[in-house]
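Below is one structure, written out as structure tokens; the observations come after it.
Here is the naming used below: chain letters follow the sequence lines, and residue numbers restart at 1 for every chain.
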There are 2 protein chains.
Amino acid sequence: MSETRSRGAGIRSTAEDQRVRIVARAVDVFAVSGYKATPVAEVAAAAKVSPAYVFRLFEGKLGLFVAAVDDCYAQVAAALVAAGGEEGTPAARLELMTQAYIELIRDRSLIALQVHAQSACDVPEIQDAVRRGLATVVRAVAGASGAGDDSVQRFIAYGQLCHLVVQAGLAEVDTAWARVVDHGIRHD
Amino acid sequence: MSETRSRGAGIRSTAEDQRVRIVARAVDVFAVSGYKATPVAEVAAAAKVSPAYVFRLFEGKLGLFVAAVDDCYAQVAAALVAAGGEEGTPAARLELMTQAYIELIRDRSLIALQVHAQSACDVPEIQDAVRRGLATVVRAVAGASGAGDDSVQRFIAYGQLCHLVVQAGLAEVDTAWARVVDHGIRHD
DNA sequence: CGCAATTGTGACTGTCCAGTCACACACAAC
DNA sequence: GTTGTGTGTGACTGGACAGTCACAATTGCG
């Protein structure tokens with residue numbers, strides 16, 4: 001199974017494993033305070049690794065963040081496709097995906113990181129990552145549901161509404177206006 | 001008109017003027033890179049004032065940012081109410097407001113600052129500001145349009161979609177998926 | 001005038017943090 | 001052994017930036 005190639009290209013050691021481990025932690029850690037406000041040292045600590053090592057594995061803090069954002073969108077797209085199921089009308093499949101997205105709120109990280117990425121779009125590399133991620137998600141949803149453009153747009157719009165609900169913590173705000181925004185997105 | 005109170009409470013000098021001038025600039029400047037990534041010195045420079053003076057007028061950088069966010073939401077609510085007009089069906093008024101919101105994209109600042117505020121909601125004072133602002137907007141829209149809860153929620157959702165379109169710069173992305181997200185929100 | 005209050009700033013400090021670099025450890029192959 | 005290759009870190013540096021403070025400059029008032 002584990003090939004120990006005698007010579008040639010990459011050595012397939014634990015380095016690549018570390019990379020994915022660190023990215024996984026980076027998603028969670030960056031999700032709390034975003035790009036600029038999160039020190040690399042915090043990600044390193046969460047991954048039980050020294051900051052210096054993180055800088056060796058990634059091209060600066062920016063490279064790390066972009067990797068985390070890419071991973072985040074990939075996870076979201078995968079979750080949506082999985083939730084869409086194999087059959088049913090486009091509308092029904094979209095509904096399943098919508099429920100799946102609301103389910104994602106429980107984790108918070110995937111939602112929050114998207115918000116922070118969108119906020120940091122003044123950095124060109126991050127804007128590119130957001131565009132890539134968005135393309136992935138839109139194509140995944142459209143393809144896996146078979147729904148029309150308007151329905152897909154609507155899906156994305158309500159996704160964005162979820163972001164707002166999560167960030168503002170509307171679940172803890174018990175007022176009429178909050179319930180208007182919140183409606184149908186209620187979560188524990 | 002301009003009362004020069006001989007004694008008593010506040011002295012109503014130019015200090016309050018400076019405050020509002022600085023807040024106005026703060027909205028524009030914070031809109032570019034957000035809370036953490038924007039030095040107070042940049043706001044001060046935009047307002048042609050020393051950083052030290054800004055710290056005298058506001059309770060730290062946080063106080064300045066919160067003031068900017070409050071002002072931002074107030075402007076948005078005012079613009080929407082103004083656009084809603086005096087008569088017409090709730091649906092028609094909501095449509096006018098939607099067009100007005102899309103019109104706001106031209107400025108970018110009011111949109112971008114909302115995104116940054118939502119992103120910085122891990123700071124309690126900022127989350128409070130977002131909740132206040134959101135309450136203002138939701139109540140303004142619901143009150144001035146007379147539309148039902150579902151329609152208002154839909155309005156907010158499409159507002160959030162505008163935020164995404166602006167931050168990701170989708171107007172410059174000429175692909176099928178971008179047009180799906182973008183549709184009806186096209187701007188110069 | 002002198003006195004007080006208010007606007008406004010230059011210069012400084014302390015802290016935090018991205019990024020680097022020389023070095024240590026493990027484990028091959030020879 | 002030693003030589004080489006890859007994993008991993010401690011210790012440091014340089015810069016950026018929030019916040020402070022002592023000190024002007026201006027204005028109003030008795």
Side-chain angles (χ1 to χ4, degrees), chain A residues 2-23 25-26 29-30 32-68 116 120 122-126, chain B residues 2-23 25-26 29-30 32-68 116 120 122-126:
Chain A
S2 62
E3 50 188 38
T4 32
R5 44 173 79 269
S6 47
R7 52 191 313 264
I11 277 88
R12 283 293 174 270
S13 69
T14 53
E16 199 57 25
D17 300 345
Q18 292 286 46
R19 236 193 90 97
V20 311
R21 272 195 51 241
I22 292 170
V23 169
R25 306 308 299 134
V29 176
F30 276 125
V32 178
S33 300
Y35 176 56
K36 199 60 194 281
T38 305
V40 171
E42 219 163 296
V43 176
K48 315 246 200 203
V49 167
S50 74
Y53 191 44
V54 176
F55 279 105
R56 168 167 296 194
L57 291 184
F58 296 87
E59 280 227 346
K61 186 185 183 179
L62 183 53
L64 173 62
F65 186 75
V66 168
H116 287 127
D122 57 306
V123 180
E125 289 87 343
I126 298 179
Chain B
S2 61
E3 50 190 37
T4 30
R5 42 175 81 269
S6 48
R7 50 189 315 265
I11 277 86
R12 281 295 173 274
S13 70
T14 52
E16 199 57 25
D17 299 347
Q18 292 286 47
R19 237 193 88 96
V20 311
R21 271 194 52 240
I22 292 171
V23 169
R25 305 308 300 136
V29 176
F30 276 125
V32 178
S33 300
Y35 177 56
K36 197 62 193 281
T38 306
V40 171
E42 218 163 297
V43 177
K48 315 245 198 203
V49 168
S50 75
Y53 190 44
V54 175
F55 279 105
R56 168 166 297 193
L57 292 185
F58 297 87
E59 281 227 345
K61 186 185 183 179
L62 183 53
L64 174 61
F65 187 75
V66 167
H116 287 126
D122 57 306
V123 180
E125 289 88 343
I126 297 178

Original post:
Taking CG from B:Asp17 and C1' from C:dT6, how many angstroms apart are they, rounded to a whole number?
Top reply: 14 Å

Subject >> Gap between atoms CG and C1', on B:Leu62 and D:dC17 respectively (whole Å) >> reply: 16 Å

**OP:** Whole angstrom is fine here: how far is it from NZ in A:Lys36 over to P in D:dC17?
**Re:** 6 Å

Subject >> Verdict with reasoning, B:Phe58 to B:Ile22, per side-chain contact (heavy atoms from CB on, under 4.5 Å) >> reply: CA-CA 10 Å; B:Phe58 297 87; B:Ile22 292 171; 3.7 Å; yes

Original post:
Nearest nucleotide by nearest heavy atom, which residue falls closer to the 5' end of DNA chain C, A:Tyr35 or A:Arg56?
Top reply: A:Tyr35

Original post:
From C:dC21, C:dA18, D:dT7, pick the nucleotide closest to the side chain of A:Ala52?
Top reply: C:dC21

Subject >> Protein-nucleotide distance (B:Tyr53, atom OH; C:dT7, atom P), rounded to Å >> reply: 5 Å

Subject >> Distance below 4.0 Å between B:Gln18 side-chain N/O and C:dG8 OP1 or OP2 >> reply: yes

**OP:** Among C:dA18, D:dT7, D:dA18, find the nucleotide with the atom closest to the side chain of A:Pro39.
**Re:** C:dA18

**OP:** Give the nucleotide from the list D:dT7, C:dT9, C:dT20 with an atom nearest to the side chain of A:Thr14.
**Re:** D:dT7

**OP:** Round to a whole Å and report the spacing from CD of A:Glu42 to C1' of C:dA18.
**Re:** 14 Å

Subject >> Sole candidate of B:Val49, B:Val23, B:Val29 that passes side-chain contact (heavy atoms from CB on, under 4.5 Å) when paired with B:Val43 >> reply: B:Val29

**OP:** Using whole Å, report how far CZ of B:Phe58 lies from C1' of C:dT7.
**Re:** 15 Å

Subject >> Whole-Å gap separating C1' (D:dC12) and CZ (A:Phe55) >> reply: 14 Å

Original post:
NZ of B:Lys61 to NZ of B:Lys36: how many Å apart, nearest 0.5 Å?
Top reply: 7.0 Å

**OP:** Using the side-chain contact (heavy atoms from CB on, under 4.5 Å) rule, take B:Leu64 and B:Phe30 through it: C-alpha gap first, then chi angles, then the decisive distance, then the call.
**Re:** CA-CA 10 Å; B:Leu64 174 61; B:Phe30 276 125; 3.9 Å; yes

**OP:** Could you check which of D:dG10, C:dG8, C:dA18 has an atom nearest any side-chain atom of A:Val40?
**Re:** C:dA18

Original post:
For B:Leu57 and C:dT9, what is the distance between atoms CG and C1' respectively, to the nearest whole Å?
Top reply: 13 Å

**OP:** For B:Gly60 and for A:Ser50, find the nucleotide of DNA chain D with the closest heavy atom, then tell me which residue's nucleotide is more 5'.
**Re:** A:Ser50

